[in-house]
Novice: 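Before anything else, here's the structure in question.
Just the heavy atoms: all of them, side chains too, but no hydrogens, waters or symmetry mates, feed the values below. Below, chains carry the letters A, B, ... as their sequence lines are ordered, and counting in each starts from 1. Quantities reported herein were computed from a predicted structural model and do not represent experimental measurements.
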Number of protein chains: 2
Amino acid sequence: MPRRSALPAEDGSTAETPEPSLVWTRPATTRRAALTREAIVAAAIRVADAEGLAAVSVRRLAIELDARPMSIYSYARIESKEELFDLMVDEVCAEMLVPDLPDPWRPALRAVATRTRAALLAHPWWVELIGRNVLLGPHGTRYQEQLLAAVRTLDADPKTKQAVGVTVETYVVGQITFALDEQGSAETEHRSTTRSRQAVSQYQRDLIATGEFPQLSSVGPPEPSSAADRDRYFNLGLDWLLAGIGASLEPDAGPHRAD
Amino acid sequence: MPRRSALPAEDGSTAETPEPSLVWTRPATTRRAALTREAIVAAAIRVADAEGLAAVSVRRLAIELDARPMSIYSYARIESKEELFDLMVDEVCAEMLVPDLPDPWRPALRAVATRTRAALLAHPWWVELIGRNVLLGPHGTRYQEQLLAAVRTLDADPKTKQAVGVTVETYVVGQITFALDEQGSAETEHRSTTRSRQAVSQYQRDLIATGEFPQLSSVGPPEPSSAADRDRYFNLGLDWLLAGIGASLEPDAGPHRAD
DNA sequence: ACCTGAACACCGTTCAAGT
DNA sequence: ACCTGAACACCGTTCAAGT
């Protein structure tokens, strides 16, 4: 930032014209040039990851990028904040793409599910947005293509194969939704300071003590599960799902009919 | 509302004392008595169902209930808007309770899944909230109890049985998340006026035309599915899931091992 | 034409003042 | 003590004015 000394020469210097800066001291790119759509979306994702979706505001992004609020609209070329959310959703979809998708459908689906889950754990707010933002950006489309590619070796009609892909995707998103409770997402952590974990489990213990919850009391209070536990149960459910798909669509491998 | 005429008698009337109202003209219950927590939560759910979660604001509820904004806080006895969301989430959990849960785990899980799905289709915003609001209200706890009751006839250790319940719940929530795209939720409908369905499918068609999406182009563009279709695919995926669970946990009924 | 400052119509919540 | 009006510190977005 070149400073121009418009002050009267109190210090004895005689500089009254704007001091011409040397090319070396001048930044090669102006700040404006850095205010690209990519930078804006990246900043939004950074804020959402760290502080939750609620912290993503046009004004906050402006501060983050050292710009004025309305510049966010003009430089990202968005017409509303919701369009910014569209861009954020699509960006995360890029992270869900598996570099080398195996050919057989089981490992392929497992790879997609694992990578999708990793991306969603890193960007928990995605789940909140996907309910209202359709998956149709370039990366979202690529993700759908990947899902179809994963099931292409299955011997079934296209509609059914698509249903398999969607079912697996669906399972991952659902798992994440509940995993977020226990994991320490930005919002969850904030909540736990407000109403202490202790008060919460005390309340649940009191409820169970009424005797109205025989199943819950026999299992005991739901203890917080570790990350390793959650991985294990995620894979267990995925096993069940893939086994069921295999049993229904590849009856030669072990015929079993659902009731 | 009894009016007291404190105005000077410009109209010639001589009423300077507060006119005593007849008992018949006085409302039996004051408006304040109607401003209960139940009424506030019900109004919030009504607004969220009709116009989406974003339309639920303290000020809006005040208007809806003919009260002042801060009265919402005092009468619902909430300390923040987020606590109102907690109450809304728990209220919907009540709708997920199945009146007569069958004993065998398959029909029981099917009944829970179906009813959960119906509740979520009626209150799409629930999914948006559940990511950050733990299920620990009285009805939420009752729902967890129901999930455990549904799997109690399964021959497996408690942890595994719990995983079965969570997996099914997870599947339902995931399905809803994606179903909302296609169904006409409040927000989605608003969106479709902003960016026309036509522009959207045109964009996707152009993307596919690039040839980068061999799978998608062979399946054809994703046509909007009917409600009946969505029911069918929901049940299809649920069949796969239940079949997989059965095959893994009841190997006597048809041994099949997942790879 | 593209960019943006000021203004508008909202928010949730604090807090002091009312009863 | 309980309730609430006014005020505060934010929002997203419009629009007219700047360049």
Novice: To the nearest angstrom, how far is A:Glu51 atom CD from D:dC10 atom P?
Specialist: 14 Å
Novice: Distance under 6.0 Å and angle within 45° of the ring axis: does A:Arg117 meet both against A:Phe234?
Specialist: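 Because its charged atom sits under 6.0 Å from the ring centre and within 45° of the axis, A:Arg117 does stack over A:Phe234.
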Novice: Do any side-chain nitrogens or oxygens of A:Ser71 fall under 4.0 Å of OP1 or OP2 in C:dC3?
Specialist: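 No.
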Novice: Whole angstroms only, please: what is the OH-C1' distance between B:Tyr73 and D:dT4?
Specialist: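 It is 13 Å, rounded to the nearest whole Å.
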Novice: Using a 4.0 Å heavy-atom cut-off across all strands, classify B:Ser74 as base, sugar-phosphate, or nothing.
Specialist: base
Novice: What is the separation between atom CD1 on A:Ile40 and atom C1' on D:dG12, rounded to the nearest whole Å?
Specialist: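 About 16 Å, once rounded to whole Å.
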Novice: Ignoring hydrogens, what is the shortest heavy-atom contact between A:Leu207 and B:Gly137? Give both atom names and the distance.
Specialist: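 Closest approach of A:Leu207 to B:Gly137, heavy atoms only: CD1-O, 4.4 Å.
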Novice: Rounded to the nearest angstrom, tell me the gap between atom OH in B:Tyr75 and atom C1' in D:dC2.
Specialist: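 Rounded to the whole Å, the gap is 8 Å.
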Novice: Between B:Arg59 and A:Pro69, which is nearer to the 5' end of DNA chain D once each is assigned its nearest nucleotide?
Specialist: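 With A:Pro69 and B:Arg59 compared, the 5'-side residue is B:Arg59.
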Novice: For a quick test of reading the model, state the closest non-hydrogen atom pair linking A:Val92 to A:Ala119 and the distance between them.
Specialist: CG1-CB, 4.3 Å
Novice: Whether A:Arg68 contacts C:dT4 is assessed here as follows: a side-chain N or O lying under 4.0 Å from the phosphate OP1 or OP2. Is that the case?
Specialist: no
Novice: Quick one: A:Glu82 CD to D:dT13 C1', roughly how many Å, whole number?
Specialist: 14 Å
Novice: Roughly, in whole Å, what's the span from CD in B:Glu83 to P in C:dT13?
Specialist: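 Rounding to the nearest Å, CD of B:Glu83 and P of C:dT13 are 10 Å apart.
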Novice: Within the 4.0 Å heavy-atom criterion, would you say A:Arg77 contacts the bases, only the backbone, or no part of the nucleic acid?
Specialist: sugar-phosphate
Novice: In whole angstrom, what separates A:Met70's CE from D:dT14's P?
Specialist: 8 Å
Novice: Does C:dG18 have a Watson-Crick or wobble partner in any strand here, with both distances under 3.5 angstrom, and which is it?
Specialist: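 Pairing partner, where one exists within any strand: D:dC2.
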Novice: To the nearest Å, give me how far apart NZ (B:Lys81) and C1' (D:dC11) are.
Specialist: 11 Å
Novice: Is the backbone of B:Leu120 close enough, under 3.5 Å, to the side chain of B:Trp126 for a donor and an acceptor to pair up by distance?
Specialist: no
Novice: I want to check something: taking the side chain as every heavy atom from C-beta on, are B:Thr167 and B:Tyr171 in contact at a cut-off of under 4.5 Å?
Specialist: no
Novice: Under a 3.5 Å cut-off for both distances, is C:dC11 Watson-Crick or wobble paired, and to whom?
Specialist: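 Pair assignment: C:dC11 / none.
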